[in-house]
Q: 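Got a structure here, written out as structure tokens. Questions coming.
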There are 2 protein chains.
Amino acid sequence: MAEKDDKDKKAREEELREKAGKANARPKNWMVPFLLLCLREWNSYGYELMERMTAFGFGAMNPGTLYRVLRQMERDGMVSSRWETSGDGPARRVYSITDVGEAYLRFWADSLEQYRRMTDTFFRLYTGRSPEREEE
Amino acid sequence: MAEKDDKDKKAREEELREKAGKANARPKNWMVPFLLLCLREWNSYGYELMERMTAFGFGAMNPGTLYRVLRQMERDGMVSSRWETSGDGPARRVYSITDVGEAYLRFWADSLEQYRRMTDTFFRLYTGRSPEREEE
DNA sequence: GGTATATATATGTAGAATGCACATAGACTG
DNA sequence: CAGTCTATGTGCATTCTACATATATATACC
């Protein structure tokens, strides 16, 4: 593979650094359970939920992504929505969690426990405290 | 939205249960750091790595996915490979981690710490208190 | 009144990740 | 020589998500 070897090692590492920063920041589908958690506490709407997601550790996100996820969640029956026009600003689509959504949240919590074990395994190996594990 | 209300609640929950089981089991891109972690210990090949991934908590995975990820990692310069034909069975493509791969692993470990905080936040909200985790 | 800004929601497009089915092939077994 | 285990790969479709862009309402200011 002597095709792009004009890049030196440092340049590659920089490239990988960017890639690591982008690709790993957000695991797939985590927004859904976190949104459900928020809606379990109180009904809310996209613009407000966006701010709360940011506080949860999702970096500044594109609004379009969030709104699209919310609509998909409604199609899946996890949440229901109604228009709220009594407020001051523009009309808001206020979401509520459904029974199905709460059920989904329970299933998801089980999966998260698995994540946790994987995370612990990773750090146990990464920091060098490898259990035993012998070669083939 | 009285379009698909012929489905009763139970059917929807079942549907969501399937969805939860599939969609959440594996966060995006976790295979890469775990593979790098394995290859840091000793060089290995796809078929063997697949078994080790299973042990890490990735359920039985499709071989095609793993092989495809490995080739992509090589294109990214994280690993290098050579054919091993001295063994008994068919030839194996044996992978080794590169300096770039080790660097990527370091960046990734930092991101993983963020995951951990997100996970803790989730359970703190979900169960109402912080989960029992022994800190080092 | 007219213009800018903040609030609020949504779509169009493209790329990446991944699952599933399927393809290829060597080596051993009966 | 058919079947099975090992081992690696491709094609296709779906899903998730980032980015840019569009739309509309309310408020502030001149």
Q: How long is the line joining CZ of A/F34 and P of D/dC16, in whole Å?
A: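 Spelled out: CZ on A/F34 to P on D/dC16 is 17 Å.
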
Q: Keeping B/R92 on the side-chain end and B/Y47 on the backbone end, is there a donor-acceptor pair under 3.5 Å?
A: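 No.
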
Q: Between B/R71 (CZ) and C/dA17 (P), how many Å, whole number?
A: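 Those two atoms, CZ and P, are 16 Å apart.
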
Q: Heavy atoms from C-beta onward define the side chain here; which of C/dA25, D/dA20, D/dT27 lies closest to that of B/P90?
A: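 Given the options C/dA25, D/dA20, D/dT27, the side chain of B/P90 is closest to C/dA25.
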
Q: Output the rounded distance in Å from CG (A/L35) to P (D/dT17).
A: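 In whole Å, D/dT17 P and A/L35 CG are 11 Å from each other.
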
Q: Which part of the nucleic acid, if any, lies within contact of B/G46, taking any heavy atom under 4.0 Å across all strands shown: a base, the sugar-phosphate backbone alone, or nothing?
A: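 B/G46: backbone/sugar contact only, no base atoms under 4.0 Å.
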
Q: Just by distance, do the side chain of B/T98 and the backbone of B/M78 share a donor-acceptor pair under 3.5 Å?
A: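 Yes: the side chain of B/T98 pairs with the backbone of B/M78.
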
Q: May I ask you to verify if any side-chain N or O of A/Y67 is less than 4.0 angstrom from the OP1 or OP2 atom of C/dA10?
A: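 Checking A/Y67 against C/dA10: no side-chain N or O falls below 4.0 Å of OP1 or OP2.
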
Q: When you compare the side chains of B/T119 and A/R116, does any donor N or O come within less than 3.5 Å of an acceptor on the partner?
A: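 On atom types as modelled, these side chains do not qualify, holding no pair under 3.5 Å.
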
Q: Without decimals, in angstroms, what is the distance between A/W83 CH2 and C/dA8 P?
A: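 For the pair A/W83 CH2 and C/dA8 P, the rounded distance is 12 Å.
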
Q: Would you say B/N29 reaches C/dA17's phosphate, i.e. side-chain N/O to OP1/OP2 under 4.0 Å?
A: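 For C/dA17, OP1 or OP2 has a side-chain N or O of B/N29 closer than 4.0 Å.
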
Q: B/P63 has a side chain; which of C/dT9, D/dT27, D/dT8 sits nearest to it?
A: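 When the side chain of B/P63 is considered, D/dT8 is the closest of C/dT9, D/dT27, D/dT8.
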
Q: Specify the separation, in whole Å, of atom CG of A/L49 and atom P of C/dA10.
A: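 Distance check: A/L49 CG to C/dA10 P gives 12 Å.
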
Q: Return yes if some donor-acceptor pair links the side-chain N/O of B/R93 with the main-chain N/O of B/R71 below 3.5 Å, else return no.
A: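 Checking the backbone N and O of B/R71 against the side chain of B/R93, no donor-acceptor pair under 3.5 Å is found.
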
Q: A/Q72 has an atom CD; how far is it from atom P of D/dT15, in whole Å?
A: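 One finds 8 Å between P of D/dT15 and CD of A/Q72, rounded.
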
Q: Is there a side-chain contact between B/R93 and the phosphate of D/dG9, meaning an N or O under 4.0 Å from OP1 or OP2?
A: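 For D/dG9, OP1/OP2 do have a side-chain N/O of B/R93 under 4.0 Å.
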
Q: Taking only side-chain nitrogens and oxygens of B/Y47, does any of them come within less than 4.0 Å of OP1 or OP2 of D/dA7?
A: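 So the side-chain polar atoms of B/Y47 never come under 4.0 Å of the phosphate oxygens OP1 or OP2 of D/dA7.
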
Q: By nearest nucleotide on DNA chain D, pick out whichever of B/R68 and B/M50 is the more 5' one.
A: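 In this pair, the answer is B/M50.
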
Q: Could you tell me which non-hydrogen atom of A/L70 sits nearest to which non-hydrogen atom of A/V79, and how far apart they are?
A: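 Scanning both residues completely, I find the closest heavy atoms to be O-CG2, 4.2 Å.
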
Q: Would you indicate which nucleotide in C/dA8, D/dT8, C/dA10 comes nearest to any side-chain atom of A/Y95?
A: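 Comparing C/dA8, D/dT8, C/dA10 against the side chain of A/Y95, the answer is C/dA10.
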
Q: Is the shortest side-chain N/O distance from A/T65 to OP1 or OP2 of D/dA18 below 4.0 Å?
A: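 Yes, within the criterion.
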
Q: Rounded off to whole Å, could you give me the CG-to-P distance for the A/N62 and D/dT21 pair?
A: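 So the two atoms are 12 Å apart, to the nearest Å.
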
Q: Return the nearest nucleotide to the side chain of A/R92; candidates are D/dT27, C/dT9, C/dA10.
A: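 Looking only at side-chain atoms, A/R92 lies closest to C/dT9.
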
Q: In whole Å, I'd like the distance from the CD atom of A/E84 to the P atom of D/dA24.
A: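 Whole-Å distance recorded here is 21 Å.
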
